[in-house]
Protein chains: 2
Amino acid sequence: MGERADAARNRAAILDAAESLFQRADLDHVSLERIAQVAGVGKATVLRRFGDLLGLVDALIAPRVAALQDRVRSGEPPLGPGGDPVARLHAYLDALLDFVLDSRTLIRALEHYGPYAYYANPASQFWIGELTDRIRAARPTVDAGYLAHAVFTALRADVVDYLQQHRHMDAERIRAGVHSLADPRLTDPPARPDERNPA
Amino acid sequence: MGERADAARNRAAILDAAESLFQRADLDHVSLERIAQVAGVGKATVLRRFGDLLGLVDALIAPRVAALQDRVRSGEPPLGPGGDPVARLHAYLDALLDFVLDSRTLIRALEHYGPYAYYANPASQFWIGELTDRIRAARPTVDAGYLAHAVFTALRADVVDYLQQHRHMDAERIRAGVHSLADPRLTDPPARPDERNPA
DNA sequence: TCCAATATGGTCCGGCGGTCCGCTTAGGCA
DNA sequence: TGCCTAAGCGGACCGCCGGACCATATTGGA
């Protein structure tokens, strides 16, 4: 048997309330009680549905994550499978940054619970693994494992938020920075194309 | 008049207790009450001395920060003033990473209070400013403002901790990664020395 | 219509950071 | 040396949190 009608209604109300609260307020002022109150349910209902606040945030992010994972796993190149390795790397960086810019409040909520809630999230593991692969394919000579983590860290929602809100960098400056972080050949030694083979 | 003897004793006891607790336990299990208890004083005594927990952590880190700032501002080159710009950059990165490795538990405690407690800290502003200058001097063609923040983020205590504890990267791998993040010319186009002038 | 399975939410619990205020103690001074 | 006041002190208290509990209300198939 499916979910009871009232349960479904409450689930939706809770998700709506949580999303709007996370968008609106400072993270520390979003409490379980407040979410329940805005959703018009009791605290216990929120917890029974989602386990804890982390589970609730997970449920909010899940569809966005799934959408991007689909495009990465089976969409059009260069974001999807196939295409030039360098183009694949940069398309992926663009997609990740767009995802972060779009979901920043939810991601920050996720980061807010537990020190490694962000990295530990299965989706993040996927992002990092994919990033590692694409860096390795595009730049065989670097430590892709480390660089992937460094780039992914530069794409943390709190970092991006900080650069925008407090250092007044716009999205395109950050985007350019991330690209050249992952692949400095584009910007640093200016104009030296087609020298990928060491010897 | 100076500080009363009992006050000085308590200040020292509190600092000791806090430091050892931050070293030993998970951050969330270090509470004001626990610190006071270990120090053998009341909670109010801790707060009167240091304002709040953030102030206490600040007081713990301050001497380490001051020591490094001295070396940077008036020590021997290349960490101190003077010397080759590239060497200055790399000496600085080494010093920053050593500082983080050495003070990681305290820095993580600092990061634990407030989302931007780390970046907002005056010392961090100094580190980032200095890093920006050194990147700009060593690599005039890149966006030093962005890159400095990205590198500094890669040096966050929580990030370094994560890479060591959960991804099993040793300190030297991280060190190499940070260096090549800040100056990819060293590693990426392999073995191409002395081509610093674009034309 | 009925009733068992399911969903619900007010109440309670332990613990937190931080404040308050009556009590204790240190230490300068006569 | 002894006293007295300013400084230091800490346990009780406040408001708030996330989460557990369980008596009650609701749903929807038989």
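Throughout, protein chains are lettered first and strands after them, A, B, ... in sequence-line order, and every chain is numbered starting at 1. Excluded from the calculations below are hydrogen atoms, water molecules and symmetry mates; all remaining heavy atoms, backbone and side chain alike, are included.
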TODO: Figure out the CZ/P separation between Arg9(A) and dG9(C), and round it to whole Å.
DONE: 11 Å
Open item on the list: Measure NZ/Lys43(A) against P/dC21(D) and give the value in whole Å, please.
Closed with: 14 Å
Task: Qualifying salt bridge (charged side-chain N to carboxylate O under 4.0 Å, His left out) pairs, either residue in residues 31-57 of chain B, two or more places apart - done: none
TODO: Decide yes or no on salt bridge (Lys or Arg N to Asp or Glu O under 4.0 Å) for Arg156(B) and Asp158(A), but give the supporting numbers first.
DONE: CA-CA 13 Å; Arg156(B) 281 172 59 153; Asp158(A) 59 339; 3.3 Å; yes
Open item on the list: Short of 4.0 Å, heavy atom to strand atom, which residues of residues 45-57 of chain B count as contacting DNA chain D?
Closed with: Thr45(B), Arg48(B), Arg49(B)
Task: Residues forming a salt bridge (charged side-chain N to carboxylate O under 4.0 Å, His left out) with Glu19(B), sequence neighbours excluded - done: Arg64(B)
- [ ] Pull out every residue in residues 29-39 of chain A that has a heavy atom closer than 4.0 Å to any atom of DNA chain C, ordered by number, or say none.
- [x] none
Task: Pairwise salt bridge (charged side-chain N to carboxylate O under 4.0 Å, His left out) hits with a residue in residues 141-155 of chain A, at least two apart - done: Asp143(A)-Arg173(B)
Open item on the list: Using only modelled atom types and a 3.5 angstrom limit, is any donor from either the side chain of Arg4(B) or the base of dA7(D) paired with an acceptor on the other?
Closed with: yes
Task: Partners passing side chain to side chain donor-acceptor pair (under 3.5 Å) against Glu111(A) (at least two apart in sequence or in another chain) - done: none
- [ ] State whether Asn10(B) places a side-chain N or O below 4.0 Å from either non-bridging phosphate oxygen (OP1 or OP2) of dG8(D).
- [x] no
Task: 5' precedence on DNA chain D between Ala5(A) and Gly42(B) (nearest-nucleotide basis) - done: Gly42(B)
- [ ] Kindly write out the residues that satisfy side chain to side chain donor-acceptor pair (under 3.5 Å) with Thr45(A), not counting sequence neighbours, or none if the list is empty.
- [x] none
- [ ] Please report, rounded to the nearest Å, how far the P atom of dG8(D) is from the CD atom of Glu3(B).
- [x] 7 Å
Task: Any donor-acceptor pair under 3.5 Å from Arg88(B) side chain to Gly80(B) backbone - done: yes
TODO: For the helix from dT1(C)-dA30(D) to dA30(C)-dT1(D), measure the angle between the helix axis at one end and the axis at the other, each built from five pairs, rounding to 10°.
DONE: 10°
Task: Under the ring pair (Phe, Tyr, Trp, His ring centres under 6.0 Å) test, residues paired with Tyr119(B) that sit two or more places apart - done: Tyr162(A)
Open item on the list: How many whole angstroms separate atom CG of Leu27(A) from atom C1' of dC16(D)?
Closed with: 17 Å
TODO: Scan residues 52-98 of chain A for pairs that pass ring pair (Phe, Tyr, Trp, His ring centres under 6.0 Å), counting only residues two or more places apart or in two chains.
DONE: His90(A)-His179(A)
Task: Partner set under salt bridge (charged side-chain N to carboxylate O under 4.0 Å, His left out) for Asp70(A), not counting sequence neighbours - done: none
- [ ] Take the protein atom CZ of Arg11(B) and the nucleotide atom P of dA7(D), then report the distance between them rounded to whole Å.
- [x] 16 Å
Open item on the list: Need one value for Ala7(A): base, sugar-phosphate or nothing, where a base atom within 4.0 Å counts as base even if backbone is also close, heavy atoms only.
Closed with: sugar-phosphate
Task: Non-neighbouring partners of Asp16(A) that pass salt bridge (charged side-chain N to carboxylate O under 4.0 Å, His left out), sequence neighbours left out - done: none
